[in-house]
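The basis for the numbers below is simple: all heavy atoms, side chains too, and nothing from hydrogens, waters or symmetry mates.
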Amino acid sequence: MEEMIEYILQFGNLNKQQTELITSKGQILQLKKDAYFSEAGRIPKQVGFVVEGVIRGCYYNNKGEEITRCFISDRSLVCDYVNFEANTVSSEYLQACTDCHLIIFPKTDWEELSYNIVGWDNIRNKMVQLCMYQKSRKGPVISQDATSRYLEFMENFPSLINRIPLSYIASYLGVTQQSLSRIRKNIR
């Protein structure tokens, strides 16, 4: 819980009672590799804080191909926040790439923080903006060649290279796994 409180305090000030309330509402969740934090076709019911692990955002295109859109790793907020707030069905999955240790807040507890902590809405909005920015695909530009996209991935996500399956990286880069293997071999 300490990591989460440190994260929240980047966005505003809280007193001891307020941090204790937040801590009391947070629930520990161990998410095994390949398990879903939230799923397409369902309404997201929780906000999470990734203490340790990597979660990916993905969807299926009109050809039925799985596309990885983003990676969310240690010490970050994770949520399909637009659908969470609107109480609407999601069109994407948030899936664990590794075993994950999270602190989660069910919707009622997350909303209760707004009623009981002065200034929480401002802090929450800043955290959500960062979460949405991290989830927006700021990744590879398809007009770049595949090697450039991979080199940029290595620069943007150096800690993920050896933590997540190559199939997810290939999907994120828009290349086949075989192409990614060739690129990695040529870089070495």
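- The nearest pair of heavy atoms linking L14 to L9 is N-CD2, 3.8 Å.
- Scored by the ring pair (Phe, Tyr, Trp, His ring centres under 6.0 Å) test, F71 finds F153, Y172 as partners (sequence neighbours excluded).
- Here the straight-line distance linking atom CZ of R149 with atom OG1 of T147 works out to 9.0 Å at 0.5 Å rounding.
- T98 places none of its side-chain heavy atoms less than 4.5 Å from the side chain of E52.
- Considering I72, V47, V128, L94 in turn, V47 is the only one that fulfils the side-chain contact (heavy atoms from CB on, under 4.5 Å) rule with C79.
- Listed by chain and residue number, nothing satisfies the side-chain contact (heavy atoms from CB on, under 4.5 Å) test with S181 (two or more places apart in sequence, or in another chain).
- Remark: the Y60 side chain and the E66 side chain contain an N/O donor-acceptor pair separated by less than 3.5 Å.
- Applying the side-chain contact (heavy atoms from CB on, under 4.5 Å) test to N15 and every residue at least two apart in sequence or in another chain returns Q17, Q18.
- No donor-acceptor distance shorter than 3.5 angstrom exists from the side chain of D99 to the backbone of K32, with no hydrogens or angles considered.
- Remark: S114 pairs with D121, R124 by the side chain to side chain donor-acceptor pair (under 3.5 Å) rule, at least two apart or across chains.
- K63 pairs by the side chain to side chain donor-acceptor pair (under 3.5 Å) definition with nothing, not counting sequence neighbours.
- Linking ILVMFWY residues whenever their side-chain heavy atoms come closer than 4.5 Å, directly or via other members, places M1 and I117 in the same cluster.
- If you chain together hydrophobic residues whose side chains sit under 4.5 Å apart, W120 and L130 fall into the same group.
- Evaluation of the side chain to side chain donor-acceptor pair (under 3.5 Å) rule for E65 yields N61 as partners, not counting sequence neighbours.
- Side chains of M4 and V51 form no contact here, defined as non-hydrogen atoms less than 4.5 Å apart.
- In this structure N122 satisfies the side-chain contact (heavy atoms from CB on, under 4.5 Å) test together with K126, sequence neighbours excluded.
- Hydrophobic cluster membership is shared by I28 and I22, with clusters built from Ile, Leu, Val, Met, Phe, Trp and Tyr side chains linked at under 4.5 angstrom.
- A donor-acceptor pair under 3.5 Å is absent between the side-chain atoms of S171 and the main chain of S167, judged by distance alone.
- Around the CD atom of E6, the shell of radius 6.0 Å holds more than 12 heavy atoms that belong to other residues, nucleotides or ligands.
- Between I183 and A146, the closest heavy-atom pair is CD1-CB, 3.5 Å.
- Identified under the salt bridge (charged side-chain N to carboxylate O under 4.0 Å, His left out) test for residues 159-174, with sequence neighbours left out: D74-R163.
- Q95 pairs by the side-chain contact (heavy atoms from CB on, under 4.5 Å) definition with D34, Y36, R56, C58, Y168, not counting sequence neighbours.
- The heavy-atom pair separating S24 from L21 by the smallest distance is OG-O, 2.7 Å.
- Alongside I43, the hydrophobic cluster contains V89 (criterion: ILVMFWY side chains under 4.5 Å).
- In this structure, CD1 on I5 lies 10.5 Å from CD on E3, to the nearest 0.5 angstrom.
- Pairs passing the salt bridge (charged side-chain N to carboxylate O under 4.0 Å, His left out) check and including a residue from residues 83-97, sequence neighbours excluded, read R69-E92, E92-K135.
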Below 3.5 Å, can you tabulate the donor-acceptor pairs from side chains in residues 100-110 to any protein atom, sequence neighbours excluded?
residue	atom	partner	partner atom	Å
H101	ND1	Q30	NE2	2.7
K107	NZ	F84	O	2.3
W110	NE1	Y81	OH	2.9

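- In this structure, F37 and V78 approach most closely via the heavy-atom pair CE2-O, 3.6 Å.
- Closest approach of R75 to F49, counting heavy atoms only: CA-CZ, 3.5 Å.
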Chi angles and distances behind the side chain to side chain donor-acceptor pair (under 3.5 Å) call for S38, D80: CA-CA 8 Å; S38 68; D80 179 353; 5.3 Å; no
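- One distance of note links OH of Y133 with SG of C70; it measures 12.5 Å at 0.5 Å rounding.
- Cluster annotation: I187 and V175 are assigned to the same hydrophobic cluster (Ile/Leu/Val/Met/Phe/Trp/Tyr, side-chain heavy-atom contacts under 4.5 Å, transitive).
- Under the 4.5 Å side-chain contact rule for hydrophobic residues, M132 and I123 share a cluster.
- Between the CD atom of Q129 and the CG atom of L77 there is a distance of 12.0 Å, given to the nearest 0.5 Å.
- I169 is listed as a side-chain neighbour of L180, based on a closest heavy-atom distance under 4.5 Å.
- Atom CZ of residue R42 and atom OG of residue S90 lie 11.5 Å apart, to the nearest 0.5 angstrom.
- With respect to V54, the side-chain contact (heavy atoms from CB on, under 4.5 Å) criterion is satisfied by exactly one of S76, S73, S159: S73.
- Residue N186 qualifies as enclosed at atom CG: its count of foreign heavy atoms under 6.0 Å is above 12.
- Between atom CD of residue Q177 and atom CZ of residue R184 there is a gap of 10.0 Å, rounded to the nearest 0.5 Å.
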